[in-house]
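Here the structure is a predicted model, which is why all the values come from computation and not from measurement. Computation of the quantities below employed the complete heavy-atom set of this structure, encompassing side-chain atoms and omitting hydrogens, waters and symmetry-equivalent molecules.
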Amino acid sequence: PAEIAAAREGAKVARGRFKPVPGRYHAERAFEVVQIDHTLVDVIIVDRQYRQPLQRPWLTLAIAVASRMVAGFYLTLEPPSILSVSLAIQHLVQPKEEWLSALEIKADWPAAGLPGMIHVDNAKEFRSRALKRGAEEHGISLIHRPVATPHYGGHIERLIGTMMGAVHLLPGTTFSNIQQRGDYNSEGKAAMTLDELERWMALEIVRYHANIHRSLGIPPIAAWQDSLARCATPLRQPFDLESFRIDFLPSVERMARRDGIHLFGLRYWDDVLGLWAGRLGRQLQVSYDPRDLSVIFVRGPDGVRYPIRMADLRHPSITLAEHRMAQAALKERGLSLVDERLIFETIDQQRAMV
């Protein structure tokens, strides 16, 4: 049967159906191992203003292997990237009380702290320099599962399956495949915005924590307390959550020039750069948040990270995607790619058109 499946459907299908998988990935203590992965959510969301269908969002999920608690998640319209990984890790590390309160959810979600190991697949965003650097700085081991062995990430895969099974009950679901979808009009039935889906997902996770887990025999939230009791020391916490977030952002190396730091054709300045401009003889590490290019974070020779704003403070906050679209539009018109005034004028025109 394995040979027939390989001939008809390919070696990958045959391995997944017939290859033995002895043993299991096991953890005893809370946050000893956390698995992270992405999935395209099986539902179409709508925009906030006109309630018109947009697209399927991406979900990044993290699970604590010992207790099966959802450690954190991040929902976005952007494809998987180091930013979505960074924000999912930030969510799993931070205490959830304030975030739940903002969503008007009264529930206990105690999973928070620095994991000992983060277990991921071999996707590009999981092998980024920013993720490796951030993990090293906070004493987190980064483990990549062997290539073409999805069963090594079985815990997160089963959690994704559980969450998508619940999503199939929502208006606008695309189901798992065309056969299940039938003649259901997913776009026509779409009703939830990204914010509403995030709150629904948080409520679903809280409910999942309180239900009996088939493999454990007890609810994940009870298993969390048991796994926490097995820890010899309290879970490590980051000294500063904002610094922790920046540690996992994308970064590049740039020189401090006399007129500031140049990044993506934009110029950044702060008086602190005057101390280093033209004197260091080496590049500085510059971290940036693709969702907001109004400020970058420069690690100085003293190891301190300094927030540096755009030299022209009149410019609005823009995303990296908006900036790149503006540059592409200018290129088509044959104009300079480094003219900040034209870039922001183009973005203003695009926003007005939208």
Side-chain angles (χ1 to χ4, degrees), residues 47-49 74 76-79 81-87 90 125 128-131 133-134 194-195 240-354:
D47 72 276
R48 299 176 189 175
Q49 186 172 1
Y74 177 61
T76 178
L77 296 179
E78 300 292 330
S81 66
I82 178 54
L83 181 63
S84 50
V85 175
S86 168
L87 293 175
Q90 180 187 346
E125 63 273 11
S128 68
R129 185 175 58 178
L131 181 59
R133 185 191 66 243
L194 188 68
D195 293 340
D240 179 9
L241 270 175
E242 179 62 16
S243 296
F244 180 85
R245 180 185 74 86
I246 297 171
D247 285 336
F248 285 87
L249 290 177
S251 67
V252 293
E253 303 289 325
R254 287 291 185 273
M255 293 292 295
R257 305 180 188 177
R258 288 187 299 169
D259 62 344
I261 287 179
H262 293 248
L263 183 67
F264 303 121
L266 305 173
R267 187 169 66 89
Y268 295 83
W269 175 258
D270 188 276
D271 288 345
V272 71
L273 295 177
L275 302 172
W276 313 321
R279 302 175 186 175
L280 289 178
R282 65 181 178 87
Q283 295 184 324
L284 298 172
Q285 184 190 91
V286 178
S287 300
Y288 61 92
D289 187 338
R291 300 168 301 169
D292 182 7
L293 294 183
S294 64
V295 60
I296 59 176
F297 306 93
V298 178
R299 188 185 289 275
D302 53 1
V304 177
R305 191 180 278 113
Y306 297 89
I308 310 294
R309 302 196 67 83
M310 287 187 188
D312 190 340
L313 297 177
R314 296 171 299 176
H315 292 330
S317 172
I318 62 169
T319 67
L320 180 58
E322 283 181 315
H323 177 64
R324 284 175 172 162
M325 285 188 289
Q327 283 187 315
L330 291 175
K331 188 174 182 180
E332 289 182 6
R333 290 162 54 188
L335 301 176
S336 171
L337 294 180
V338 293
D339 189 324
E340 288 189 14
R341 180 183 59 82
L342 283 172
I343 288 175
F344 282 95
E345 281 182 1
T346 302
I347 290 172
D348 285 340
Q349 291 173 31
Q350 290 174 322
R351 287 178 173 174
M353 182 184 295
V354 171

Evaluate the side-chain proximity of P250 to P290: yes if any heavy-atom separation is below 4.5 Å, no if none is.
yes
Distance check, rounded to the nearest 0.5 Å: E322 atom CD versus Q350 atom CD?
7.5 Å
Pairwise distance CD1(I308) to OH(Y268) - rounded to 0.5 angstrom
11.0 Å
Whether R245 side chain and L87 backbone form a donor-acceptor pair below 3.5 Å:
no
S294 and L313, any side-chain heavy atoms less than 4.5 Å apart:
no
Distance from M325 atom CE to I347 atom CD1, nearest 0.5 Å?
8.5 Å
Tightest non-hydrogen contact, residues E242 and F297, listed as OE2-CZ, 4.5 Å
Between D247 and R305, is there a salt bridge with N-O shorter than 4.0 Å?
yes
Closest heavy-atom contact between S128 and I82?
OG-CD1, 3.2 Å
State, with a plain yes or no, whether a side-chain heavy atom of R351 is found less than 4.5 Å away from one of I318.
yes
To check you understand the geometry: which heavy-atom pair defines the closest contact between W276 and G300, and what is its length?
CH2-CA, 3.7 Å
Is the shortest side-chain heavy-atom distance between E125 and L131 below 4.5 Å?
no
Keeping R267 on the side-chain end and D259 on the backbone end, is there a donor-acceptor pair under 3.5 Å?
yes
Rounding to 0.5 Å, atoms CD1 (I343) and CZ (R324) come to a distance of 12.5 Å
Is any side-chain heavy atom of Q283 less than 4.5 Å from a side-chain heavy atom of R254?
no
Taking the side chain as every heavy atom from C-beta outward, state whether L83 and L249 have any pair of such atoms under 4.5 Å apart.
yes
Compare every heavy atom of Y288 with every heavy atom of L320, then report the nearest pair and how far apart it is.
CD2-CE1, 4.2 Å
Hey, is the main chain of M310 close enough, under 3.5 Å, to the side chain of H315 for a donor-acceptor pair?
no
Greater than 12 external heavy atoms within 6.0 Å of R314's CZ
no
Side chain to side chain, V252 and F264, heavy atoms closer than 4.5 Å:
no
If you measure from CD1 on I261 to CD1 on I296, what distance do you get to the nearest 0.5 Å?
5.0 Å
R48, CZ: over 12 other non-hydrogen atoms inside 6.0 angstrom:
no
Between R133 and S287, what is the shortest heavy-atom contact and its length?
NH2-OG, 4.2 Å
Please answer whether the main-chain N or O of G303 pairs with a side-chain N or O of R299 as donor and acceptor at a distance below 3.5 Å.
yes
Smallest separation among heavy atoms of W269 and G274, with atom names:
CH2-N, 3.8 Å
Side-chain heavy-atom pair R291, T76 within 4.5 angstrom cut-off
no
